[in-house]
**Student:** 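I have a structure here, written as structure tokens, and I will follow up with some questions on it.
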Amino acid sequence: MIEGKGYGKCILFNEHFVVYNIPSIVSAIGDYTLATVEATESGGVRLIDDRPATPGYKEGKLEHQKDSLRRILEAMGIDSDENLKITLGGTLYCASGVGASAASCTAIARALNRYFDMGMDDDQINEIAYEGEKGYHGTPSGVDNAASTYGGLIWFVRGEENTFEPISLKEPVEIVMGNTGKVANTKAAVAGVRERKEKYPEKYEEIFEKARKLAHDAREALEAQDTKKVGELMNRNHSLLQDIEVSDEDLDMLVETARSAGAVGAKMTGGGLGGYMVALTPGKKLQEAVAKAMEDKGFRVLRTRIGV
Ligand code: PMV
């Protein structure tokens, strides 16, 4: 059977601020989506989605998924009448904020590339995955599919030409991602920030400047593998995200739970208003303690790593 893999992602610094061209830092995580492709007798291209997911997630994204697959096939020059079965699986638990759509686009592109022996390199796979992401997001920034395709940590700045720079981490670090179980509406969260920013320009300008400075400090701390400093900056980043009102009660509670259980830092991740938070927990022992504290409160967690 022919397979292709795409990693999930975690925004470590500056979701939302990134929309306003402020640098952000994103990491691929150890969990991934796997696509397998096999020939069938009839029926054209069929997609079977066996990924583990938050209830309601797959149903809510079905139309987007169809559009995304159509775009991927078109970008790869594959006829939708080809008799193929694509099956999605893997370890990535799909919910808002882990880059599930990008991971699936990358996995599908890689698997089809192998199946048809197209010889595409990572840059081409990334471009195809970006096309697929348009089915979900309209105008994606491109950061999710980059993390999904290339792996590792990425310094990302949105601009007329987006900047992607790899950040080297000496070794992967354990994290716990806690899922609030609420399917978040990123579009609404982004629109809310815009509204408030227009209403309170001075206040927001001040917060945004802090976020800009924080991104540079975080890059330095990551490059020095100074996990304590990285954690401290994640805590500060969470406060800034609270200031722009994209966190919520569940996210704040999970962040507090993680910190109390010993996480060196914790913050919401992704669009907010539900979805995921992330706790930095170097070492398997700390990771387990923090994961357990959140699970004890009835929340589902992902034990994974950044910098893979
Ligand atoms: O919810 P996610 O993981 O797709 O992240 C959204 C990140 C935002 O900064 C809020 C929006 C964006 O387009 O960058």
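Counting starts at 1 for both ligands and their atoms, in listed order. Heavy-atom basis, side chains included; hydrogens, waters and symmetry copies ignored.
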**Student:** Charged N to carboxylate O below 4.0 Å: is that the case for E165 and R219?
**Tutor:** yes
**Student:** Between the side chains of E82 and R46, is the shortest nitrogen-to-carboxylate-oxygen separation below 4.0 Å, so that they form an ion pair?
**Tutor:** no
**Student:** Have a look at ligand 1 and work out which part of K9, if any, has a heavy atom under 4.0 Å from it: side chain, backbone, both or neither.
**Tutor:** side chain
**Student:** Which atoms of ligand 1 are found less than 4.0 Å from any heavy atom of E15?
**Tutor:** 9 (O)
**Student:** Out of V190, V18, I11, who is nearest to atom 14 (O) of ligand 1 when you count heavy atoms only?
**Tutor:** V18
**Student:** Starting from atom 8 (C) of ligand 1, locate the nearest protein heavy atom and write down its residue, its atom name and how far away it is, to 0.1 Å.
**Tutor:** H16 N, 3.9 Å
**Student:** Counting non-hydrogen protein atoms only, what is the nearest one to atom 1 (O) of ligand 1? Give residue, atom name and distance.
**Tutor:** G271 N, 2.9 Å
**Student:** Salt bridge or not between E202 and K197? Use side-chain N to carboxylate O under 4.0 Å.
**Tutor:** no
**Student:** Answer yes when E209 and R212 have at least one side-chain N-carboxylate O distance shorter than 4.0 Å, and no when they do not.
**Tutor:** yes
**Student:** Once the angle between the rings of Y204 and Y200 is folded into 0 to 90°, is it parallel (under 30°), tilted (30 to 60°) or perpendicular (over 60°)?
**Tutor:** parallel
**Student:** Near G97, which atoms of ligand 1 are under 4.0 Å from a heavy atom of that residue?
**Tutor:** 3 (O)
**Student:** Using 4.0 Å as the upper bound for N to carboxylate O, is an ion pair formed by D243 and K203?
**Tutor:** no
**Student:** Does any N/O atom on T186 come nearer than 3.5 Å to any N/O atom on ligand 1?
**Tutor:** yes
**Student:** Can you tell me which residue and heavy atom of the protein come closest to atom 12 (C) of ligand 1, and the distance to 0.1 Å?
**Tutor:** V19 CG2, 4.0 Å
